[in-house]
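Here is the structure we will look at, set down as structure tokens.
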Amino acid sequence: MAMPEKPVLEGLETKWDARWETSGTYAFRRDEATRETVYSIDTPPPTASGSLHVGHVFSYTHTDIIARFQRMLGKQVFYPMGWDDNGLPTERRVQNYYGVRVDPTLPYDPNFTPPNEGDGKTTKPADQLPISRKNFIELCERLTEEDEQKFEELWRTLGVSVDWKQTYRTISDDSRRTSQLAFLRNLERGEAYQSDAPTLWDVTFRTAVAQAELEDREQPGAYHTLLFTSQDGDLRIDTTRPELLPACVAVVAHPDDERYAHLIGSEVETPGFGVKVPFVAHPLAQPDKGTGVAMICTFGDTTDITWWRELNLPNRSVLGFDGRFVPEAPEAIATDAGLELYAEMAGKTVFSGRKTLVEALQSSGRIVGETRTITHPVKFFEKGDKPLEIVSTRQWYVKNGGREAEIRDRLIELGRTIDWHPDHMRVRYENWVNGLNGDWLISRQRFFGVPIPVWYGLDEDGNPDYDRVILPSPDQLPLDPSSDVPAGFTAEQRGVAGGFVGEVDVMDTWATSSLTPQLVGGWGGRDDELWNLLTPFDLRPQGQDIIRTWLFSTMVRSMFETGKAPWEHAAISGWILDPDRKKMSKSKGNVVTPQSMLEQHGSDGVRYWAASSRLGMDATLDPQNPKMIKIGRRLAMKVLNAAKFVYQMEGEAGDIANPIDIDMIGDLRDVIESATESLQDYDHAKALDTIETFFWTFCDDYLELVKERAYSGDPVGQGSAIRALRSAINVLLRLLAPYIPFATEEVWSWTNDGSIHLAKWPRIHDLPTSAQSRGMLSAVGEALIMIRRAKTDAKVSQKTPVARAVIEGPSETIGLMEQAASDLAAVGRIEDLQFVAANELGVGELEFVQQEEEASSERQTPLQVVPNEATPEQKAAASEEATQVLDLSELRAELDDDN
RNA sequence: GGGCCUAUAGCUCAGUUGGUUAGAGCGCCACGUUUACACCGUGGAUGUCGGGGGUUCGAGUCCCUCUGGGCCCACCA
């Protein structure tokens with residue numbers, strides 16, 4: 001391919017993405033693969049309905065660098081891409097985009113067309129058109145497909161070397177089948193079970209949520225002091241949730257609290273409702289909180305659940321699934337006044353129920369003192385807008401060690417079998433495992449997701465008997481129990497006494513994405529050969545925020561299925577912070593769209609920015625001034641230009657004979673060794689630093705130094721230089737290829753047929769000389785700097801000819817410099833270049849060294865070259881003197897004569 | 001309350017098992033258009049290594065402690 005007159009970065013993304021696609025550059029060549037030669041990646045599936053942000057670009061670049069490195073090492077890289085279309089984000093987006101909502105009672109309409117087709121408007125639920133579940137799911141599939149197209153375009157622009165034939169969607173038939181199969185196997189082995197128990201509940205979405213989906217938010221609240229009645233008279237109890245008083249089942253104090261010891265075992269009466277409840281003791285009660293006595297309600301918080309369980313208390317729930325007080329008062333409320341009070345609260349929300357109760361008790365004098373407002377952390381569903389309530393419902397769970405120490409220990413053990421990058425991320429995993437307080441709740445009362453594939457038998461009254469679980473046969477999968485019929489039944493028996501009813505819940509989105517290795521790897525009899533080829537996967541790359549969800553849940557599923565960890569390495573990327581060191585997020589309005597970033601600065605530049613951060617380290621990005629991206633762009637540009645410069649040198653490559661050429665290649669050998677080692681250790685940033693540092697030295701010093709010789713016509717010197725230059729460029733391109741794949745591929749194409757990304761990673765025995773570096777390049781670089789500085793100090797062009805120059809320094813350094821004397825003289829335009837050993841004190845104790853200043857009096861163009869070790873005073877003196885005697889007009893004249 | 005990470009030049013960051021005078025890039029200042037590169041080149045200035053204490057011949061590095069920043073978990077009466 002022809003080398004362009006003036007190489008540019010613009011357009012390289014489109015050009016090369018298309019060629020990589022048609023050439024199948026990144027295709028996984030299965031027939032050529034064995035487990036030993038495969039490098040398999042368990043790529044994170046981005047949420048299809050979200051938008052990609054710079055954080056994605058950041059972490060996917062990290063993964064891509066590893067993928068490209070491994071590919072160049074000769075591995076068959078299995079690098080798939082998946083999309084997570086399950087879950088609430090999709091559901092919500094579809095509701096708003098099409099203006100619809102699910103009504104599960106409606107029949108499927110095959111000719112349905114959505115009322116709206118546009119993004120950006122949030123329609124109110126009242127305006128949304130009710131449609132059947134199946135129609136809704138079809139819309140979800142349609143919209144996510146459109147989203148996935150956009151995502152793919154972005155990844156292609158970024159140069160992520162994914163094999164686009166290896167893609168999966170978590171809503172596809174295969175994925176649903178895999179997910180349901182894995183669930184049924186968990187069920188078969190007793191790892192999945194259903195239980196009717198208090199559950200954290202989001203009243204807006206009307207679904208149960210799992211521990212991993214919780215987050216605390218600071219909320220305003222208020223302490224009220226209620227007066228209960230004990231055998232001693234008034235008993236003061238502080239609470240922030242007075243509205244749960246009708247659900248009060250006991251009051252509790254710490255067993256060692258002497259103030260209340262005599263009351264333990266007695267009964268007290270609740271204010272307003274007149275219910276007698278036991279006074280119990282429990283170590284979780286904190287004497288210093290409030291009055292030291294707490295009321296136990298079903299259920300105000302998770303501590304209530306613990307008390308309720310451990311103290312074997314009755315359940316008097318008052319909040320319904322909609323977060324409102326249920327119509328019927330708990331049976332324990334028997335007084336007329338109590339029933340009347342409850343009737344006022346029934347049907348109200350938590351907020352107005354509280355108001356009603358507080359006003360009633362204040363007027364009857366059973367709330368005393370001032371209410372004290374506070375702010376305190378309250379549990380929320382991470383995607384929800386209202387505080388979670390706790391309701392008792394039947395739900396499906398998968399064991400995760402939250403209740404069994406033995407499972408926890410195995411999970412910790414498996415976590416130690418994988419290499420974490422960085423290593424301390426393992427601690428986060430272990431902290432999470434050790435802090436679990438319940439099994440994994442996988443059922444969700446939602447519509448879009450993978451259905452739980454079971455039915456229940458109906459008794460003779462037509463009520464479901466949840467103990468009679470009817471299971472499908474594996475060949476029925478994937479299935480939807482609300483439309484499919486279990487074996488041995490007919491469709492007419494659905495909902496009929498003695499018949500069956502389908503489970504209406506779907507699985508948590510993590511229940512499917514915890515199976516990404518299985519989804520993409522052909523598990524479950526779909527492709528056993530592939531599964532054996534890929535597992536355990538080599539790499540799980542992901543963000544640190546989803547260690548507790550994705551990483552953990554994948555580990556759980558793998559432990560139950562295989563008894564092993566699903567991967568050998570986990571690479572954890574950090575956050576993107578804005579200039580104020582805040583995590584970037586949509587709600588803060590400080591996000592930059594990756595598309596605009598890539599368009600504006602080019603993919604190689606953006607990749608460079610991402611690559612300069614180590615795994616696990618947060619990176620800053622100032623969208624107004626993306627410094628690192630600009631530097632990356634400059635590097636890519638320099639690669640194009642330096643390579644072009646080298647390739648346009650005419651002349652035959654000869655043997656590497658010149659000492660400086662040998663030494664440069666020797667330095668390059670060290671770079672290859674160091675960069676390879678870093679990359680094998682998943683330290684892409686360190687490798688890049690090593691490569692880049694050498695590359696700039698190569699351009700600024702070596703290339704400048706030898707270019708005169710490369711053009712000289714001296715067959716030996718020229719041949720050596722050209723050979724060295726071409727070898728070095730060739731190696732440097734390959735070293736940089738994982739980082740800046742577009743610029744390097746462009747340059748590679750000028751002199752090669754195949755893709756650089758399928759070229760072999762450089763090895764030291766490929767170099768044209770096996771000699772070790774003696775540090776000549778850096779010594780000569782020093783000399784170059786001295787010469788340049790002298791000219792800069794003299795305020796003359798670097799091109800200015802010099803009659804005589806003397807370089808001083810320690811004899812060892814001088815010796816190295818001397819071997820490049822002719823190159824130095826050529827680049828410095830020095831007629832008479834001499835080297836003088838300075839006294840032995842040299843390095844280390846410079847301030848005592850008296851440097852002799854050399855000056856040529858000939859032709860009155862003195863150039864003083866002062867070794868870098870000189871003190872600032874000496875430098876100043878030298879420069880001053882030189883300036884004084886310098887005849888600039890004469891210099892200019894000489895320069896003009898040259899031209 | 002428990003845990004993890006982090007603090008080095010104005011900014012973003014390197015700094016290996018402790019070892020001469022702590023580095024790079026950006027920015028800044030000065031100079032310069034040279035057989036590729038103005039999306040450019042050359043050179044220069046820039047530090048209480050967050051504070052305090054300790055170990056050591058020697059500490060940015062190891063230990064203790066305090067402080068700031070970030071994150072996770074627990075608490076939620």
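Convention: sequence-line order gives letters A, B, ...; per-chain numbering from 1.
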Exercise for the section: Could you work out which one of B:rG70, B:rG41, B:rU16 sits closest to the side chain of A:Lys686? Expected result: B:rU16

Exercise for the section: Please state how far atom CD1 in A:Ile787 lies from atom C1' in B:rG32, giving the value in whole angstrom units. Expected result: 17 Å

Exercise for the section: Would you kindly check whether a donor in the side chain of A:Glu704 faces an acceptor in the base of B:rA36, or vice versa, at under 3.5 angstrom? Expected result: yes

Problem - Distance-only donor-acceptor check, side chains A:His282 and A:Glu310, under 3.5 Å - result: yes

Exercise for the section: Can you tell me, in whole Å, how much space there is between the P of B:rC62 and that of B:rU16? Expected result: 9 Å

Practice task
Taking A:Arg614 for its side chain and A:His684 for its backbone only, find out whether a donor-acceptor pair lies under 3.5 Å.
Solution key: no

Handout entry: Whole-Å C1' distance, B:rC40 and B:rU34
Key = 11 Å

Which atom pairs link the protein and nucleotides 23-26 of chain B when you take only N or O atoms and keep those under 3.5 Å?
unit_1	atom_1	unit_2	atom_2	d
B:rC26	OP1	A:Arg634	NH1	3.3
B:rC26	OP1	A:Arg634	NH2	3.4

Problem - Whole angstrom value for the distance that separates P of B:rC4 from CG of A:Leu615 - result: 21 Å

Practice task
Give a yes or no on this: more than 12 heavy atoms of other residues, nucleotides or ligands lie within 6.0 Å of atom CD of A:Glu10.
Solution key: yes

Practice task
Kindly say whether A:Leu227 contributes a backbone atom to a donor-acceptor pair with the side chain of A:Arg366 at under 3.5 angstrom?
Solution key: yes

Exercise for the section: Pick base, sugar-phosphate or nothing for A:Glu692, based on heavy-atom distances below 4.0 Å to the nucleic acid. Expected result: nothing

Practice task
Measure from CD on A:Glu708 to C1' on B:rU34 and round the result to the nearest Å.
Solution key: 9 Å

Exercise for the section: Would you kindly give the CG-to-C1' distance between A:Asp700 and B:rU34, to the nearest whole Å? Expected result: 13 Å

Practice task
Could I get the full list of ring pair (Phe, Tyr, Trp, His ring centres under 6.0 Å) partners for A:Tyr682, not counting sequence neighbours?
Solution key: A:His421, A:His569

Problem - Protein-nucleotide distance (A:Gln648, atom CD; B:rC37, atom P), rounded to Å - result: 8 Å

Handout entry: Phosphate-side-chain proximity, A:Lys638 and B:rG41, N/O vs OP1/OP2 below 4.0 Å
Key = yes

Problem - Separation between the C1' atoms of B:rU35 and B:rC31, rounded to whole Å - result: 23 Å

Completion exercise
Of A:Ile374 and A:Lys707, the one whose closest nucleotide on RNA chain B sits nearer the 5' end is A:Lys707

Exercise for the section: Determine the interatomic distance between C1' on B:rA9 and the same-named atom on B:rG27; round to the nearest Å. Expected result: 11 Å

Exercise for the section: Indicate yes or no: at least one non-hydrogen side-chain atom of A:Val293 is less than 4.5 angstrom from one of A:Tyr260. Expected result: yes

Handout entry: Exercise: do A:Arg259 and A:Thr291 side chains pair donor with acceptor under 3.5 Å
Key = no

Problem - Between SG on residue A:Cys297 and CG on residue A:Asp304, distance to nearest 0.5 Å - result: 6.0 Å

Handout entry: From A:Lys6 atom NZ to A:Asn641 atom CG, the distance as rounded to the nearest 0.5 Å
Key = 7.0 Å

Problem - C1' atoms of B:rC63 and B:rA74, separation to the nearest Å - result: 29 Å

Practice task
Using Watson-Crick or G-U wobble pairs with both distances under 3.5 Å, give me RNA chain B in dot-bracket, 5' to 3', with [ ] for crossers and | for pairs to another strand.
Solution key: (((((((..((((.....[...)))).(((((.......))))).....(((((..]....))))))))))))....

Detail all sub-3.5 Å separations between protein N/O atoms and N/O atoms belonging to nucleotides 74-76 of chain B.
unit_1	atom_1	unit_2	atom_2	d
B:rA74	OP1	A:Gln211	NE2	3.4
B:rC75	N4	A:Asp216	OD2	2.6
B:rC76	OP1	A:Thr303	OG1	3.4
B:rC76	OP2	A:Thr303	OG1	2.4
B:rC76	O2	A:Pro377	O	2.0
B:rC76	N4	A:Lys379	NZ	2.4

Handout entry: Mutual orientation of the aromatic rings belonging to A:Phe58 and A:Trp609 [parallel < 30°, tilted 30-60°, perpendicular > 60°]
Key = tilted

Practice task
Using heavy atoms to find the nearest nucleotide of RNA chain B for A:Tyr711 and A:Arg633 separately, return the residue whose nucleotide is more 5′.
Solution key: A:Tyr711

Practice task
Taking only Lys NZ, Arg NE, NH1 and NH2, and the carboxylate oxygens of Asp or Glu, determine whether A:Arg829 and A:Glu708 approach each other closer than 4.0 Å.
Solution key: yes

Practice task
Would you classify A:Gln544 as touching base, sugar-phosphate or nothing, given that sugar-phosphate means primed atoms plus P, OP1 and OP2, and contacts are heavy atoms under 4.0 Å?
Solution key: nothing

For nucleotides 5-7 of chain B, give me every protein contact, N/O to N/O, under 3.5 Å, one pair per line with atom names.
none

Exercise for the section: Keeping the roles fixed (side chain from A:Tyr647, backbone from A:Thr751), state whether a donor-acceptor pair exists under 3.5 Å. Expected result: no

Exercise for the section: May I ask you to establish whether A:Arg548 and A:Trp440 are in a cation-pi arrangement, using a distance under 6.0 Å from NZ or CZ to the six-membered ring centre and at most 45° from the ring axis? Expected result: no

Problem - d(CD, A:Glu215; P, B:rC72) in whole Å - result: 9 Å

Practice task
Rounded off to whole Å, could you give me the OH-to-C1' distance for the A:Tyr702 and B:rG41 pair?
Solution key: 20 Å

Exercise for the section: Tell me what A:Glu5 touches on the nucleic acid: a base, only sugar-phosphate, or nothing, going by heavy atoms under 4.0 Å. Expected result: nothing

Problem - Interatomic distance at C1', B:rU20 relative to B:rA36, whole Å - result: 40 Å

Handout entry: Integer angstrom distance from the C1' of B:rG53 to that of B:rC28
Key = 38 Å

Practice task
May I ask you to say what A:Ala643 touches in the nucleic acid, namely base, sugar-phosphate or nothing, with a heavy-atom cut-off under 4.0 Å?
Solution key: nothing

Handout entry: Nearest-Å distance once atom C1' is located in both B:rC72 and B:rU61
Key = 28 Å

Exercise for the section: For A:Asp622 and B:rC13, give me the distance from atom CG to atom P, rounded to whole Å. Expected result: 12 Å

Exercise for the section: Can you figure out which of B:rG43, B:rA38, B:rC39 approaches the side chain of A:Arg789 most closely? Expected result: B:rG43

Practice task
Taking ring pair (Phe, Tyr, Trp, His ring centres under 6.0 Å) as the test, write out the residues that go with A:Trp748, two or more places apart.
Solution key: none

Problem - Under 4.0 angstrom between A:Lys644 side-chain N/O and B:rU35 OP1 or OP2 - result: no

Problem - Reported CH2-to-OG distance for the pair A:Trp575 and A:Ser613, which is rounded to 0.5 angstrom - result: 14.5 Å

Problem - Pairwise side-chain contact, A:Met3 with A:Gln648, heavy-atom cut-off 4.5 Å (strictly under) - result: yes

